[in-house]
Q: 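Dumping the structure here so I can ask a few things about it.
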Amino acid sequence: AQSVTQPDIHITVSEGASLELRCNYSYGATPYLFWYVQSPGQGLQLLLKYFSGDTLVQGIKGFEAEFKRSQSSFNLRKPSVHWSDAAEYFCAVGPFNTDKLIFGTGTRLQVFP
Amino acid sequence: KAGVTQTPRYLIKTRGQQVTLSCSPISGHRSVSWYQQTPGQGLQFLFEYFSETQRNKGNFPGRFSGRQFSNSRSEMNVSTLELGDSALYLCASSLVDRLGNEQFFGPGTRLTVL
């Protein structure tokens, strides 16, 4: 079955600390992978995406993610977290050229000053 | 360029009623998808429309339906509302080209069923 697992429901970090949000997927075909961020009361904003090529992907707001096929993972990282990064983060997987995404359950990030 | 717009932003209905939500995609985008977001089930795909045709459908009962117009605007309808239909309904649009889809989400419509 196709699925996305985000094992961490809630993560708390101090401002300036590094961050890694985990994402594991199960998908039969070549996956098209995404990370989205959602602030309270808002829709989803795309941080980055991966389909092929370089397995280290750079996104907006200083985020990056690394695709590891052998581990079926697509972890999101940021070297130094800002208070404005506090939000909920969703990993998603889908087929190429359709919009039918499967989302993980999300990780809520809290940032302390 | 304007983003994806959804109307209304908030809606309160009672059980048994029906509701229609509207989504206007980004100009030039031909694909529109709908997702339901609830605390219990998370984000779940409802359906995708491309060029006025439903291209994909999620695992939702027939009470959930949608359509897309020639200008790519889309509506979704939920009939015979149940308490469990209370959710944030998100619409997303994408260009659909050879580079793969990047979906842009609207702010959502918050539906409360009493």
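Below, read A as the first sequence line, B as the second, and so on, with proteins coming before strands; counting in each chain starts at 1.
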Q: Checking heavy atoms, do the side chain of B/Leu90, its backbone, both or neither come under 4.5 Å from chain A?
A: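 The side chain, not the backbone.
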Q: With only heavy atoms counted, which part of B/Tyr35 is less than 4.5 Å from chain A, the side chain, the backbone, both or neither?
A: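 The side chain, not the backbone.
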Q: Could you tell me whether the side chain of A/Gln6 and the main chain of A/Cys91 form a donor-acceptor pair under 3.5 Å?
A: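 Yes, the answer is positive, given that a donor and an acceptor are paired below the 3.5 Å cut-off.
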Q: Need one label for B/Leu46: side chain, backbone, both or neither, based on atoms under 4.5 Å from any heavy atom in chain A.
A: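 It is neither, since no heavy atom gets under 4.5 Å.
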Q: Assess, by modelled atom type and distance only, whether the side chains of A/Gln45 and A/Lys61 contain a donor and an acceptor separated by less than 3.5 Å.
A: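 A/Lys61 and A/Gln45 do have a side-chain donor-acceptor pair below 3.5 Å.
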Q: Any chance the side chains of B/Thr14 and B/Gln17 put a donor and an acceptor closer than 3.5 Å?
A: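 On atom types as modelled, these side chains qualify, holding a pair under 3.5 Å.
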Q: Return yes when atom CZ of B/Arg15 has more than 12 non-hydrogen atoms of other residues, nucleotides or ligands closer than 6.0 Å, and no otherwise.
A: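 No.
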Q: For A/Leu101, which atoms come within 4.5 Å of any heavy atom of chain B: side chain, backbone, both, or neither?
A: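 Both parts, backbone and side chain.
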Q: Regarding A/Arg22 and A/Ser73, do their side chains bring together a donor and an acceptor under 3.5 Å, going by distance alone?
A: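 No - no donor-acceptor pair under 3.5 Å links their side chains.
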Q: Checking B/Gln41 against chain A: side chain, backbone, both or neither under 4.5 Å from a heavy atom?
A: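 Contact with chain A involves no heavy atom of B/Gln41 at all.
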Q: If you count heavy-atom pairs within less than 4.5 Å of chain A, which of B/Lys57, B/Gln6, B/Gln44, B/Gln37 leads?
A: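 Winner by heavy-atom pair count: B/Gln37.
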Q: Which answer fits B/Arg9, side chain, backbone, both or neither, if we ask what part of it has an atom under 4.5 Å from a heavy atom of chain A?
A: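 The side chain, not the backbone.
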Q: Test B/Ser22 against B/Arg73 for side chain to side chain donor-acceptor pair (under 3.5 Å), laying out the working first.
A: CA-CA 8 Å; B/Ser22 181; B/Arg73 190 177 69 86; 2.9 Å; yes
